[in-house]
Q: 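Quick one: structure below, then a few questions.
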Amino acid sequence: MAAAPQALIPLDEAWSRLRQALTEHPHAPATEQRATEDALGRVLAQDVVSTVAVPPHDNSAMDGYALRVADLADLASAAEPGPSLPVSQRIAAGQTGAILQPGSCARIFTGAPVPAGADAVVMQEHTEPAAAEGQVRFTQPVHAQQNIRRAGEDIAIGQTVLRAGTRLSPAALGVAASVGRATLPVFAPPRVAVLTTGDELVLPGQPLPPGAIYNSNRHTLLGLAQAAGATARDLGTVPDQLAATRAALRAAAEQHDLVISSGGVSVGEEDHLRQAVQAEGGLDFWALAIKPGKPFVFGWLTRADGSRAIYMGLPGNPVASWLTFLMLVRPVIGLLAGQGWQLPRSLPVPAAFAWPKPDKRREFLRVRLNDAGHAELFPNQSSGVLTSASWADGVVDLPPQTTVQPGDVVRWTSAAELLHPAAAACQPGCQP
């Protein structure tokens, strides 16, 4: 007698169950100090609070002349076509000028401190040499505070400039450096093991026997794990045998925070992963109401000391493996990395395609935005066509039973957002 079909779990419920499981059994990452220049992509473990003002002093926004606006007003009735002032000093970036004497101006360069007494900087393009030697004429109206960057305009003393949980971008490293931080406290990256199953899999570079295929999932998943901020390790291909599968999972759990596999999570006679995970730990859910990506396993592996490693089994079809990583594994890596729970956000865009046959599952279509900002569909949406994921710059998220006509508004999530969801609040139109 056939077993009753497994009830499908909506993606929102899967997210909720993942988050709850990780909250009940937290995996606190270790922290370390890292040189600021070597911290790109790492996750900040503590807030960065500035002990200095940025900029530390009023400075010139451009090359020109610093002056007192009142001095030009006093000269407004001069016979020459535009008031002029003698140049009393020259101030380059890194130098500190003398107090500006009334009735004079200072030659100043971008970034140089504005001398005490000056209240405006005139760009050199709005000046010309005056008739009198050593003087400069001002050819445009001048107003107070123009072209002056105020002390603390960017960052004030005591201001929190970077929050714990921030994934450090090049700009964030620049902010840390601007407040004098030579090192930063960061979380250790999650340790992720990737193993693939299937006797039919052959590594690229080897001869391809009849009935075999090259192992693309290995490279896709290792690349995705590294791009998501984890330290990824390849554990190779596991034979389609229960004992071998259990041994591989047991060894992987001892040295890794998260174990990922692809293939072997369906219901075939040669699919042993669900049984192996149950024997080595526990199983939570394995059938998702999404397309592609229905067969999926979440559970845990018990280590010798009683602690747990997380296990996530992805489908074997290349696009399904790619998508379930982005939708489910990537948020878990972010949580293990200290970023908190972050889901990708979508934006409304017009469709440049028709999708006349709805599915009972939530569908993710591989698309690319054209020059008009409309989503174009890759012509073959099969879960085995990995070129669709390579071609796409994002996915369209279709609710169950949804059809699309050209011009309809659909929800689009960029490939960059799938890998690194922005931590900032949604802008108008976006949806978590």
Side-chain angles (χ1 to χ4, degrees), residues 4-18 198 216-217 220-221 224 260-268 271 273-274 284-298 312-332 343-349 351-369 375-406 408-415 417-419 431-432:
Q6 178 80 27
L8 300 183
I9 296 172
L11 181 58
D12 289 339
E13 182 181 341
W15 279 330
S16 177
R17 290 167 72 164
L18 280 173
S216 64
N217 285 351
T220 300
L221 295 178
L224 285 169
I260 304 170
S261 69
S262 68
V265 296
S266 189
V267 294
D271 294 332
L273 270 169
R274 289 183 296 113
D284 190 0
F285 63 82
W286 68 274
L288 299 175
I290 63 173
K291 183 180 180 181
K294 176 182 174 182
F296 184 89
V297 171
F298 167 68
M312 304 183 82
L314 281 58
N317 282 325
V319 179
S321 182
W322 170 80
L323 181 71
T324 51
F325 181 100
L326 292 171
M327 291 296 165
L328 293 155
V329 179
R330 203 285 317 151
V332 170
L343 298 178
R345 304 176 304 172
S346 63
L347 290 170
V349 300
F353 63 89
W355 192 254
K357 296 181 179 180
D359 196 275
K360 64 181 180 181
R361 289 178 284 168
R362 183 173 177 177
E363 295 186 90
F364 291 91
L365 310 178
R366 278 76 71 203
V367 301
R368 176 190 287 178
L369 297 190
E376 295 183 344
L377 191 71
F378 192 81
N380 190 337
Q381 292 289 314
S382 168
S383 62
V385 179
L386 189 56
T387 49
S388 66
S390 175
W391 172 89
D393 65 6
V395 297
V396 161
D397 181 356
L398 286 187
Q401 305 294 349
T402 298
T403 60
V404 178
Q405 294 298 321
D408 289 350
V409 173
V410 292
R411 306 300 308 187
W412 171 79
T413 303
S414 71
E417 177 72 11
L418 287 169
L419 263 179
Q431 177 177 304

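The residues of the chain are indexed from 1 along the displayed sequence. These values consider heavy atoms only, across backbone and side chains, with no hydrogens, waters or symmetry-generated copies.
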Q: So, do L11 and F364 sit near enough that their side-chain heavy atoms are less than 4.5 Å apart?
A: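 Counting from C-beta outward, L11 and F364 do come under 4.5 Å.
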Q: Between the side chains of E363 and W355, does any donor sit under 3.5 Å from an acceptor?
A: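 The answer is yes; a qualifying pair exists.
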Q: With rounding to the nearest 0.5 angstrom, report the NZ to CZ distance, K291 to R362.
A: 15.5 Å
Q: Looking at every non-hydrogen atom in both residues, tell me the closest pair between R366 and S382 and how far apart they are.
A: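 So the minimum-distance heavy-atom pair works out to NH2-O, 3.3 Å.
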Q: Between L328 and A14, which heavy-atom pair has the shortest distance, and what is it?
A: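 Heavy-atom minimum between the residues: CD2-CB, 4.1 Å.
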Q: Does the side chain of W15 come within less than 4.5 Å of M327's, by heavy atoms?
A: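 M327 reaches W15 side chain to side chain.
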Q: Tell me the closest heavy-atom pair linking L314 and M312, and the distance in Å.
A: CD1-O, 3.7 Å
Q: Any side-chain heavy atom of E417 sitting closer than 4.5 Å to one from L347?
A: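 E417 vs L347: side chains apart.
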Q: Side chains of E376 and F353: closer than 4.5 Å at any heavy-atom pair?
A: no
Q: Working to the nearest 0.5 Å, report the span between OG of S390 and CH2 of W322.
A: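 Rounded to the nearest 0.5 Å, the OG-CH2 separation comes out at 10.0 Å.
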Q: If you take all heavy atoms of V319 and V385, which pair is closest and at what distance?
A: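 Closest heavy-atom pair between V319 and V385: CG2-O, 3.1 Å.
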Q: Taking side chain as C-beta onward, heavy atoms only, is T324 less than 4.5 Å from I290?
A: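 When only atoms from C-beta onward are counted, I290 and T324 do touch, with a gap below 4.5 Å.
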Q: Return yes if some donor-acceptor pair links the side-chain N/O of R411 with the main-chain N/O of V409 below 3.5 Å, else return no.
A: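 Judged by distance alone, no pair lies under 3.5 Å.
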Q: So do P331 and L343 actually touch side chain to side chain, heavy atoms under 4.5 Å?
A: yes
Q: Are any of the side-chain heavy atoms of K294 and L8 separated by less than 4.5 Å?
A: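 Yes. Closest side-chain heavy atoms under 4.5 Å.
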Q: Of all heavy-atom pairs between T403 and P356, which one has the smallest distance, and what is that distance?
A: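 Closest heavy-atom pair between T403 and P356: CG2-O, 3.5 Å.
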Q: Within the distance-only criterion (no hydrogens, no angle test), does the side chain of N217 pair as donor or acceptor with the backbone N or O of G316 below 3.5 angstrom?
A: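 The answer is yes, because a donor-acceptor pair under 3.5 Å joins these two groups.
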Q: On a heavy-atom basis, which atom in P315 and which in S262 lie closest, and how many Å separate them?
A: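 Result for this residue pair: O-CB, 3.8 Å.
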Q: Are F298 and R17 close enough that some pair of their side-chain heavy atoms sits under 4.5 Å apart?
A: no
Q: Could you tell me whether the side chain of R368 and the main chain of W391 form a donor-acceptor pair under 3.5 Å?
A: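 Indeed, once roles are kept as given, a pair shorter than 3.5 Å links the two residues.
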Q: Taking side chain to side chain contact (heavy atoms under 4.5 Å, CB included) as the criterion, tell me which of V367, L365, D397 meets it with W412.
A: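 Filter result, single survivor: V367.
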